[in-house]
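To start, the structure under review is shown below, and the notes come after it.
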Number of protein chains: 2
Amino acid sequence: MYEIFQKYLEEKTELTQEESQRIQSFAIIKKLRKRQYLLQEGDVWKYDAFITQGCVRTYTVDDKGSEHVNSFSIENWWTGDRESLMMQQPSRFNIDAIEDTELVLFTHENFELLCREIPAFNNMVNTILQRSFIAAQNRIQASLTLTAEEKYLNFIKKYPGFASRIPQTMIASYLGMTPETLSRIRKQTAKK
Amino acid sequence: MYEIFQKYLEEKTELTQEESQRIQSFAIIKKLRKRQYLLQEGDVWKYDAFITQGCVRTYTVDDKGSEHVNSFSIENWWTGDRESLMMQQPSRFNIDAIEDTELVLFTHENFELLCREIPAFNNMVNTILQRSFIAAQNRIQASLTLTAEEKYLNFIKKYPGFASRIPQTMIASYLGMTPETLSRIRKQTAKK
DNA sequence: TTAGACTCTTGATCTATATCAAGTTTTTAC
DNA sequence: GTAAAAACTTGATATAGATCAAGAGTCTAA
């Protein structure tokens with residue numbers, strides 16, 4: 001499944017044959033079964049991870065044992081815990097597979113090496129980071145300004161397709177509401 | 001007040017004399033009176049802005065006319081609307097001064113030129129962006145998991161000093177609650 | 001220096017969403 | 001293929017925090 005990442009690279013950046021091969025030489029292919037962990041709370045995250053197939057969630061568990069979904073990532077997206085990676089500290093997050101999933105991993109040292117060696121790659125990575133930051137800002141804005149119903153409508157508009165492959169309980173958690181509330185909202189909006 | 005930015009650069013990165021001078025040659029000093037806008041909704045943001053003195057807020061105004069504070073920035077931080085800057089689209093945000101404020105601005109073209117010319121500068125900028133992203137993630141996490149009281153305590157712990165220079169109404173808005181609720185929380189926690 | 005305008009506080013009431021509980025449907029695993 | 005486990009729905013009730021209202025304290029601009 002490396003081809004999917006290869007294609008992604010070709011779309012996002014211009015690389016020479018050698019650069020492409022250099023990148024591929026560091027790639028680690030990893031497969032996850034549904035429910036399998038990619039990262040568990042307390043572990044230090046050491047990779048840059050790209051999903052070629054499947055779907056993964058990042059979440060925390062609070063004192064009462066409730067899960068809070070921080071994000072979903074599907075094919076052609078990146079995942080991981082940047083805070084743990086950057087600070088080299090144990091992660092507060094869990095990441096596990098919602099579906100059988102395939103990833104391309106790079107150890108962070110190799111990834112940084114690639115960034116230093118290949119300016120085009122470095123630029124691509126920065127652009128992704130900027131977009132991620134913008135997305136996070138928008139999510140904060142939504143959480144401050146929208147009602148539960150608006151949050152849901154905003155979500156399905158922004159990520160069509162997610163609703164059908166991710167359990168409602170997890171979507172509710174991601175949106176900061178209970179599954180019951182989401183169920184009622186869906187019933188409401190279906191009527192209209 | 002350029003010296004404050006100069007000092008910041010020296011702390012964060014290693015630059016040659018020439019590089020420092022190159023950066024300074026592009027710097028634009030800007031002063032804002034309290035309440036003055038740095039950016040108004042609908043305008044396209046064109047700068048990278050560093051605050052050397054003072055305090056600024058970024059906020060939106062909804063249909064009902066209520067303001068929602070997205071962020072505060074004080075001296076030694078950056079401000080602006082990255083989405084508007086990156087996409088070259090009209091901003092949804094307003095940025096105005098909470099106190100008399102001084103900034104160092106770079107037009108984005110010049111800023112990008114500096115990033116290309118000076119690798120150390122580019123690295124510094126990337127590091128800041130990563131930290132900003134991590135902070136945004138943590139804020140999302142807090143908004144999903146904490147009660148109003150916990151959000152406030154978390155805020156004053158994370159940003160001691162902010163509470164004394166920023167009006168409570170704005171802090172309440174930033175935390176996603178009403179001023180009345182924040183007032184009651186403060187009364188509660190003062191008791192303990 | 002003072003009137004008007006903000007800002008903060010406090011109380012009474014309301015409401016969106018949570019919680020609890022039970023039933024139904026769907027998925028999973030042998 | 002089927003039993004057990006999850007996931008989803010629906011109703012009844014509870015509650016954190018919002019809204020409305022009014023008074024007190026603080027700025028601020030002429």
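All figures in this text were calculated on a predicted structure; none of them were measured in a lab. Chain letters run A, B, ... following the sequence lines, proteins first, then strands; residues in each count from 1.
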Please state how far atom CG in A:L175 lies from atom C1' in C:dA16, giving the value in whole angstrom units.
16 Å

Where does the angle between the aromatic ring planes of A:F111 and A:F106 fall among parallel (under 30°), tilted (30 to 60°) and perpendicular (over 60°)?
tilted

Nucleotide D:dA16, atom P - distance to CG of B:L182 in whole Å
17 Å

Identify the pairs formed between an N or O of the protein and an N or O of nucleotides 20-25 of chain C at a distance under 3.5 Å, and give each distance.
from	atom 1	to	atom 2	distance (Å)
C:dC20	N4	A:E180	OE2	3.1

Can you check the B:Y152 OH to C:dC8 P distance for me, whole Å?
11 Å

Under 4.0 Å: is that the gap between some side-chain N or O of B:T178 and OP1 or OP2 of D:dA18?
yes

Atom-pair distance (NZ on A:K151; C1' on C:dT17), nearest Å
10 Å

At what distance, to the nearest 0.5 angstrom, does CZ of A:R116 lie from CD of A:E112?
6.0 Å

Evaluate whether atom NZ of B:K31 has more than 12 neighbouring non-hydrogen atoms of other residues, nucleotides or ligands under 6.0 angstrom away.
no

Using 30° and 60° as the class boundaries, would you call the ring planes of B:F72 and B:F162 parallel, tilted or perpendicular?
perpendicular

C:dT10 OP1/OP2 closer than 4.0 Å to side-chain N/O of B:K187
yes

Assign the ring pair A:F50 / A:Y8 to parallel, tilted or perpendicular, where the plane angle (0 to 90°) is split at 30° and 60°.
tilted

Quick one: A:D100 CG to C:dA29 P, roughly how many Å, whole number?
10 Å

Between D:dA29 (P) and B:R33 (CZ): distance, integer Å
10 Å

Within the structure provided, determine whether B:M124 and B:L9 are in side-chain contact (heavy-atom separation under 4.5 Å).
yes

Less than 4.5 Å apart, any side-chain heavy atom of A:T101 and any of A:Q53?
no

Look at the side-chain N and O atoms of B:T181 and state whether any lies under 4.0 Å from the OP1 or OP2 oxygen of D:dG17.
no

Between A:F93 and A:Y59, is the ring centre distance below 6.0 Å?
no

Would a line drawn from the ring center of A:F155 to the ring center of A:Y152 be shorter than 6.0 Å?
no

Could you list, one pair per line, each protein nitrogen or oxygen that sits under 3.5 Å from a nitrogen or oxygen of nucleotides 3-7 of chain D, together with the distance?
none

Result for 5'-nearest mapping on DNA chain D, choosing between B:K64 and B:K34, is B:K64

Give the rounded distance in Å between these two atoms: CD1 of A:I185 and P of C:dA16.
12 Å

Starting at atom CE of B:M177, determine the distance to atom P of C:dT17, rounded to an integer number of angstrom.
16 Å

